[in-house]
Amino acid sequence: QVQLVESGGGLVQAGGSQRLSCAASGWILSSYAMGWFRQAPGKEREFVAGITSSGGITEYADSAKGRFTISRDNAKNTVSLQMNSLKPEDTAVYFCAQSSRWYFTANENDYKSWGQGTQVTVSS
């Protein structure tokens, strides 16, 4: 059974950093691209960052560029999101997701498995 479990969320002050991790079980993570999405209260879920199956290509939403870094460790079956210079508007539930292909898109319909999400709250 495919399972994704996020960890690392919590409360952080504006300007601080937080690292989210996503552990995969039940399948080989290295075969698929991965993405991080987030959903703020009252808003639709949005793409944050993506990484190809090999890790060779990454891409970020404009809101994350220069502050967030997505990475993966295929040997450990994990993908991470390092978030720096956090802002109150980064407050959201963050989800990791498995793409159905080796490459990623910003369209959540292209992802076939999702974690349960982890809450990140940035205080001003």
Side-chain angles (χ1 to χ4, degrees):
Q1 182 179 355
V2 173
Q3 189 174 18
L4 294 169
V5 178
E6 301 97 337
S7 61
L11 177 65
V12 63
Q13 287 190 334
S17 298
Q18 202 150 32
R19 185 176 181 87
L20 305 181
S21 293
C22 175
S25 62
W27 53 283
I28 305 300
L29 183 143
S30 62
S31 299
Y32 300 96
M34 297 292 293
W36 282 97
F37 288 74
R38 69 186 183 186
Q39 187 169 22
K43 295 187 177 181
E44 294 186 350
R45 189 156 55 185
E46 64 177 1
F47 174 80
V48 176
I51 187 167
T52 52
S53 58
S54 67
I57 300 172
T58 59
E59 191 171 303
Y60 301 89
D62 287 343
S63 59
K65 285 179 182 177
R67 300 187 301 126
F68 294 5
T69 303
I70 187 172
S71 61
R72 64 192 298 158
D73 185 336
N74 286 339
K76 295 183 178 179
N77 242 24
T78 60
V79 62
S80 299
L81 185 68
Q82 176 67 42
M83 305 185 293
N84 299 327
S85 302
L86 284 163
K87 306 174 182 179
E89 50 264 43
D90 294 318
T91 295
V93 177
Y94 285 72
F95 301 87
C96 68
Q98 173 202 0
S99 172
S100 57
R101 306 176 182 89
W102 66 267
Y103 60 91
F104 59 87
T105 72
N107 186 344
E108 63 178 64
N109 293 321
D110 290 334
Y111 293 78
K112 60 180 183 178
S113 296
W114 294 80
Q116 82 287 351
T118 185
Q119 176 71 48
V120 173
T121 303
V122 184
S123 63
S124 57

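As a basis for the values below, the full set of heavy atoms in this structure was taken, side chains included, without hydrogen atoms, waters or symmetry mates.
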When you measure from the side chain of [X] to the backbone of [Y], do you find a donor-acceptor pair of N or O atoms at a distance under 3.5 Å?
X: N74; Y: S53; answer: yes
X: T52; Y: W102; answer: no
X: E6; Y: C96; answer: yes
X: Y111; Y: T105; answer: yes
X: S80; Y: S21; answer: no
X: D73; Y: T78; answer: no

Please check if the number of heavy atoms outside Y103 that lie under 6.0 Å from its OH is greater than 12.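 Not more than 12 within 6.0 Å, no.
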K76, NZ atom: more than 12 neighbouring heavy atoms under 6.0 Å: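 Not buried by this count: 12 neighbours or fewer within 6.0 Å.
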Can you say whether the rings of F47 and F37 are parallel (under 30°), tilted (30 to 60°) or perpendicular (over 60°)?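 Perpendicular, since the angle between the ring planes exceeds 60°.
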Using every non-hydrogen atom in the two residues, find where [X] and [Y] come nearest and quote the distance to one decimal.
X: S63; Y: R38; answer: OG-NH2, 3.3 Å
X: Y60; Y: T69; answer: OH-CA, 3.3 Å
X: F104; Y: S99; answer: CA-OG, 4.4 Å
X: C22; Y: L4; answer: SG-CD2, 3.8 Å
X: S17; Y: Q82; answer: CB-NE2, 3.9 Å
X: Q119; Y: A92; answer: NE2-O, 3.4 Å

Quick one: does R19's side chain get under 4.5 Å of S71's, heavy atoms only?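 The answer is yes, as the side chains (C-beta and beyond) meet within the 4.5 Å cut-off.
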Sub-4.5 Å side-chain heavy-atom contact between R67 and M83: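 Contact flag for R67/M83 side chains = no.
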I'd like to check the salt bridge (charged side-chain N to carboxylate O under 4.0 Å, His left out) partners of K43; sequence neighbours left out, ordered by chain and number.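 Partners of K43 under the salt bridge (charged side-chain N to carboxylate O under 4.0 Å, His left out) test: none.
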Can you tell me how far apart [atom1] ([X]) and [atom2] ([Y]) are? Round to the nearest 0.5 Å.
X: I51; Y: I57; atom1: CD1; atom2: CD1; answer: 10.0 Å
X: T121; Y: Q13; atom1: OG1; atom2: CD; answer: 13.0 Å
X: F68; Y: S85; atom1: CZ; atom2: OG; answer: 9.0 Å

